[in-house]
Amino acid sequence: MGTIRDRGIIKWQAALMLPEHKALNKKMGEEDNFLNKKPVLDEYQVELFEDDIHYAMEYHLPITFTLHSEGNPQQMHGYCVYIQPVTKELRIQKKDSSFAYIQFDEIISVIVED
């Protein structure tokens, strides 16, 4: 009888793989490795964020938000002027008097500057 030739991992690959497919697979794998995952916040941290935001709004203090945007942390400075309770969205007035809108789910940390 003949011997069985095992092809290893090759048998699990697609029969037709164009160079474009290989490049796309490689690119997708590289992008996922470099993105930071959003940290999981517990209820206590979220409650502290809410308290800090309300305190800053009441006394009109500047706030620094750290946001999780597309896998990278990003900082935003300004004053919180309005909270939309239905959509959980904050309206932030920046130092140049322009407005930015951020979702509460994007917030990683809140620092109130006294």
Side-chain angles (χ1 to χ4, degrees):
M1 295 207 73
T3 61
I4 298 175
R5 288 184 25 194
D6 186 22
R7 296 180 297 159
I9 199 163
I10 296 173
K11 65 185 169 195
W12 302 111
Q13 291 180 349
L16 176 64
M17 190 66 114
L18 297 175
E20 292 85 7
H21 294 147
K22 288 183 182 179
L24 185 61
N25 283 341
K26 185 177 178 182
K27 182 179 177 185
M28 286 176 57
E30 289 173 357
E31 288 176 358
D32 291 339
N33 291 335
F34 293 113
L35 291 179
N36 297 326
K37 299 198 189 274
K38 183 178 181 229
V40 178
L41 303 174
D42 63 351
E43 294 176 20
Y44 181 71
Q45 288 175 320
V46 173
E47 189 175 331
L48 286 177
F49 293 167
E50 291 174 353
D51 291 343
D52 288 343
I53 292 168
H54 287 289
Y55 177 77
M57 279 183 63
E58 184 175 347
Y59 295 106
H60 196 66
L61 298 173
I63 308 175
T64 301
F65 293 99
T66 305
L67 307 172
H68 184 266
S69 176
E70 298 176 3
N72 297 316
Q74 177 183 4
Q75 288 196 342
M76 181 181 293
H77 307 282
Y79 297 90
C80 185
V81 293
Y82 185 70
I83 299 174
Q84 177 68 331
V86 175
T87 59
K88 295 185 180 179
E89 189 175 62
L90 306 174
R91 186 184 311 161
I92 308 300
Q93 183 177 7
K94 296 181 182 179
K95 294 182 181 182
D96 62 352
S97 297
S98 65
F99 289 98
Y101 297 92
I102 60 173
Q103 294 291 327
F104 193 78
D105 296 339
E106 296 175 351
I107 299 174
I108 298 174
S109 71
V110 175
I111 299 171
V112 178
E113 301 168 11
D114 291 326

Answer yes if [X] and [Y] sit in the same cluster of Ile, Leu, Val, Met, Phe, Trp and Tyr residues linked by side chain heavy atoms under 4.5 Å apart, and no otherwise.
X: L41; Y: M76; value: yes
X: M57; Y: Y79; value: no
X: V46; Y: I83; value: yes

> Passes side-chain contact (heavy atoms from CB on, under 4.5 Å), V110 versus I63? Steps please.
Replying inline: CA-CA 7 Å; V110 175; I63 308 175; 3.6 Å; yes
To the nearest 0.5 Å, how far apart are [atom1] in [X] and [atom2] in [Y]?
X: I107; Y: L67; atom1: CD1; atom2: CG; answer: 6.5 Å
X: F49; Y: I111; atom1: CZ; atom2: CD1; answer: 9.5 Å
X: S109; Y: D52; atom1: OG; atom2: CG; answer: 10.0 Å
X: I102; Y: S69; atom1: CD1; atom2: OG; answer: 11.0 Å
X: D105; Y: E89; atom1: CG; atom2: CD; answer: 11.0 Å

>> I'd like to know if the side chain of Q45 reaches the main chain of D42, judged simply by a donor and an acceptor atom lying under 3.5 Å from each other, with no hydrogens or angles considered.
In response: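 It does hold such a pair.
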> Under 6.0 Å from the NZ atom of K88, do we count more than 12 heavy atoms belonging to anything else shown?
Replying inline: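 No, the 6.0 Å shell around NZ holds no more than 12 heavy atoms from other groups.
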> Within a radius of less than 6.0 Å around CD of E113, do more than 12 heavy atoms belonging to other residues, nucleotides or ligands occur?
Replying inline: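 Counting other residues, nucleotides and ligands, CD of E113 exceeds 12 neighbours.
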>> For a quick test of reading the model, state the closest non-hydrogen atom pair linking I108 to H68 and the distance between them.
In response: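 Looking at all heavy atoms of both residues, the shortest contact is CD1-CB, 3.4 Å.
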>> Suppose we screen for ring pair (Phe, Tyr, Trp, His ring centres under 6.0 Å). Which residues come up paired with F104, at least two apart in sequence or across chains?
In response: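 F104 satisfies ring pair (Phe, Tyr, Trp, His ring centres under 6.0 Å) with no other residue.
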